[in-house]
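Report on the following structure.
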Amino acid sequence: MKIRLDKNICIKIIFILLILFSVGINIAFSQTVFMPVSEISPGMKGIGKTVFHGTQIETFQVDIIDIVKGEGGISHFILVNLSGDKIKESGGISEGMSGSPVYIDDRLIGAVSYAWEMSEHNFCLVTPIQEMLEIFNLPYNNSHTISQEYKINNSLWFTGEKTNKIKVKNSMKNNSFPELTGREDFIFYPVVSPIIINGIKGRTLERLSSSLKKYNLIPVQGIGFNENNDIGFQEVGEKPSNKLEAGSAIGIQLTRGDINITSIATVTYREGNKILALGHPFLKKGEVSFLLSAVYIYHSLPNMVMPFKLGAPLNLVGKIVQDREAGILAILNSYPRVIPLKIQVTDVISGLSYQMGVQMINDYDLLEPLVSNITVQAIDNALDRVGAGTAQIDIEIKGKKEGQKLFRKNMYYSSDDIAIQTITEIPEIIDLITNNYFEIVDLTAINIDIKIDNKKKISRIEEVVLEDSSIKPGDHLKAKIKIRPFQGELIEKMLTIQIPSDTSPGEALLIVNGGGDLEHQQEESINSRKKNYKSLEETFKDISDRPRGNQIIGEVIIYSSGLPSEENISDNDRRKKEEEDLIISKIETDRVIEGYLEIPFIILES
């Protein structure tokens, strides 16, 4: 007897069999490679992997104490005790061990993530691997998968969470280890490495440290600065002698090049060209593009709070693309979005130039403190001193789109710290670009050229004399301006401003001031924040054209007789009217100009 099968039924049967086969493979793989929290119980023993020195991966012992039920982003943690000769030699768990994989019976259970800062630094929390695996979905699917719920009769549970700590309640007085006896709760902190900084030192390191505090980043002075000098800026990929695997040391870099700012972490799991690490957030910025490098570990340094790994970045190996509650996801052999920063500082007296090249992560929250402090360090390196001087600075900032280009020149003098004075405008310029209302500026280059003279190149406005104090509309107002260079002879400049032909007769005022006057600079900065720009192009033009420190600025204010009485004018209306009636002329000089004078004059009937 022949049996005829419907074609559609056959297709459905095959499809179901394929699904079952696929699920079976996944289950078998999962059971072989990973161990879920539901299979973990107190008393189990395992091993962990990390790098204690160089790039060699070594093991340590792990004892499971209990399961900590969580809330929010991570459903459970695993409380463990770490031991072994290497852990003891290091003084316990070291910052930089975040991400160190933990195995039971050769099955990955998760990553070392949070450590208890008391006792001998041997207790920590492990973030379960199933929590971390969810990050794999994020580059392609922005919604989290639902975590599996596990029924656990545990004596410890998670009671509160902030970005930098976890509090665990010991309700049943878990006494598995002497350190736990009688304690009601424990505070655990991320085992995140301090930010190791190479190339920035002294006062600049202190300034940068202050800026990074709000991100819970603690900088320390690094060593081994030249580890990556043989690696080209555009090269990315692993070295055959140092392939990344679970337990390898990696670096999350904020900058790379002549300045290296690195946080050390450990690889938890690798799948093809993707790696998971940390087991906790770095900055918790979601989708990111951070530099990822291999790292050489010098030593684990003892510390009153917690030991930390000291190392230096090696070759760039990829980019970090996700920064989430359960850890970070990185893609190997892929170049991140970076902002190149090039700085040249020339000492005018010696003629020597100092150049610095840095790749910075494309993160606008960190951009200003990085640019400002790296520039100060470049000046300090070039001058090898802190003190007085006169500086000329040219700032060029480029965006990816056509027309996104800004060029700003200025000149400064400082009697005590020319390096700090030189960066005066950088924070405001970066803020106006990154927070403009009109369009995203994908920065492709920041170039800064600085020339510094130790001479006191300043002049003061001493006198302003009008050729004629009564002029007609359409005529040129001419003023002789006498400026005195520091310890020099008087110099005379001629300022000419044409009065518009449609100007109404009445009183007017000529204001002459130096662009280097500190009060004038502050007023210009305040006024720029109040301006209602109509486009990004207008924003760039205003920044480029605003008065400079080496200019003599002549401003004519015309008092219109058609204005309402003073008491009836709001401050906003008065400011708008003054801007409309303001006529400006500038004279370029080779020194910083200080001083302020006002000269009234009359506009006659035409």
Side-chain angles (χ1 to χ4, degrees), residues 197-208 211 219 221-222 225-226 229 233 254-261 338-360 366-398 405-430 433 443-458 515-516 521 543-544 548-550 588-592:
I197 300 184
N198 304 104
I200 289 180
K201 54 192 175 182
R203 63 174 186 151
T204 314
L205 181 61
E206 292 178 6
R207 281 172 50 88
L208 183 58
S211 298
Q221 188 73 64
F225 179 48
N226 295 318
N229 279 2
F233 257 8
L254 305 182
T255 69
R256 181 174 175 81
D258 290 325
I259 304 290
N260 284 290
I261 302 178
V338 294
I339 302 173
L341 170 64
K342 294 182 181 179
I343 302 171
Q344 177 167 300
V345 183
T346 302
D347 187 331
V348 174
I349 300 301
S350 67
L352 297 177
S353 291
Y354 179 87
Q355 295 180 336
M356 184 175 282
V358 179
Q359 292 177 331
M360 303 178 295
L366 295 170
L367 182 61
E368 184 277 315
L370 291 176
V371 174
S372 294
N373 287 290
I374 290 171
T375 303
V376 171
Q377 187 64 59
I379 296 172
D380 285 354
N381 289 354
L383 300 183
D384 196 22
R385 65 176 178 86
V386 175
T390 305
Q392 299 178 64
I393 180 170
D394 295 349
I395 302 173
E396 182 185 46
I397 300 179
K398 297 178 182 178
K405 186 174 181 180
L406 179 146
F407 188 74
R408 172 65 176 164
K409 295 170 65 75
N410 212 337
M411 191 171 185
Y412 299 96
Y413 169 75
S414 174
S415 60
D416 55 5
D417 196 334
I418 187 56
I420 299 299
Q421 189 70 33
T422 302
I423 66 168
T424 299
E425 287 187 305
I426 288 177
E428 183 195 358
I429 289 173
I430 290 177
I433 292 173
L443 295 175
T444 58
I446 299 177
N447 301 315
I448 300 175
D449 184 71
I450 300 168
K451 295 179 177 63
I452 295 184
D453 196 328
N454 63 8
K455 294 179 181 178
K456 197 170 184 175
K457 298 185 71 174
I458 61 173
Q521 290 177 358
I543 296 171
S544 298
R548 302 196 286 269
N550 62 316
E588 297 286 334
T589 74
D590 63 351
R591 56 192 58 240
V592 175

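Values in this document were obtained by computation on a predicted structure and should not be read as measured data.
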What heavy-atom pair brings [X] and [Y] nearest, and what distance separates the two atoms?
X      : Y      : result
Val592 : Gly516 : CG1-CA, 3.6 Å
Ser415 : Ala388 : O-CB, 3.5 Å
Asp453 : Lys457 : OD2-CD, 3.8 Å
Thr375 : Val371 : OG1-O, 2.7 Å

Worksheet item: Can you list every salt bridge (charged side-chain N to carboxylate O under 4.0 Å, His left out) pair that touches residues 367-381, not counting sequence neighbours?
Response: Arg203-Asp380

Worksheet item: Ile393 pairs by side chain to side chain contact (heavy atoms under 4.5 Å, CB included) with which of Thr422, Thr424, Ile423?
Response: Thr422

Nearest 0.5 Å, what's the [atom1]-[atom2] distance between [X] and [Y]?
X      : Y      : atom1 : atom2 : result
Ile452 : Leu383 : CD1   : CG    : 4.5 Å
Ile200 : Leu208 : CD1   : CG    : 5.0 Å
Ile418 : Ile379 : CD1   : CD1   : 7.5 Å
Asn550 : Ile458 : CG    : CD1   : 13.5 Å
Ile374 : Ile259 : CD1   : CD1   : 5.5 Å
Ile197 : Thr255 : CD1   : OG1   : 8.0 Å

Worksheet item: Can a salt bridge be assigned to the pair Asp449 and Lys451 using a cut-off of 4.0 Å between side-chain N and carboxylate O?
Response: yes

Not counting sequence neighbours, which residues clear salt bridge (charged side-chain N to carboxylate O under 4.0 Å, His left out) with [X]? List them please.
X      : result
Glu588 : Arg548
Arg591 : none
Lys405 : Glu396

Donor-acceptor pair, distance only, cut-off 3.5 Å: does the side chain of [X] make one with the backbone of [Y]?
X      : Y      : result
Thr204 : Asn373 : no
Asp258 : Val358 : no
Ser414 : Gln421 : no

Using a 3.5 Å cut-off and no angle test, enumerate the donor-acceptor pairs between side-chain atoms of residues 339-357 and protein atoms at least two apart in sequence or in another chain.
residue : atom : partner : partner atom : Å
Gln344  : OE1  : Gln355  : NE2          : 2.6
Thr346  : OG1  : Ser353  : OG           : 2.8
Asp347  : OD1  : Ile349  : N            : 3.1
Ser350  : OG   : Leu352  : N            : 3.2
Tyr354  : OH   : Asn381  : ND2          : 3.0

A side-chain contact here means heavy atoms from C-beta on lying under 4.5 Å apart; do [X] and [Y] qualify?
X      : Y      : answer
Ile446 : Met360 : yes
Lys456 : Tyr413 : yes
Thr390 : Met411 : yes
Arg256 : Val338 : no

Item to complete: Please list, chain by chain and in numerical order, all residues satisfying side-chain contact (heavy atoms from CB on, under 4.5 Å) with Glu425, sequence neighbours excluded.
Response: Arg408, Asn410, Tyr412, Ile429, Arg546

Worksheet entry | Heavy atoms from other residues, nucleotides or ligands near CG of Asp416 exceed 12 (cutoff 6.0 Å) | yes

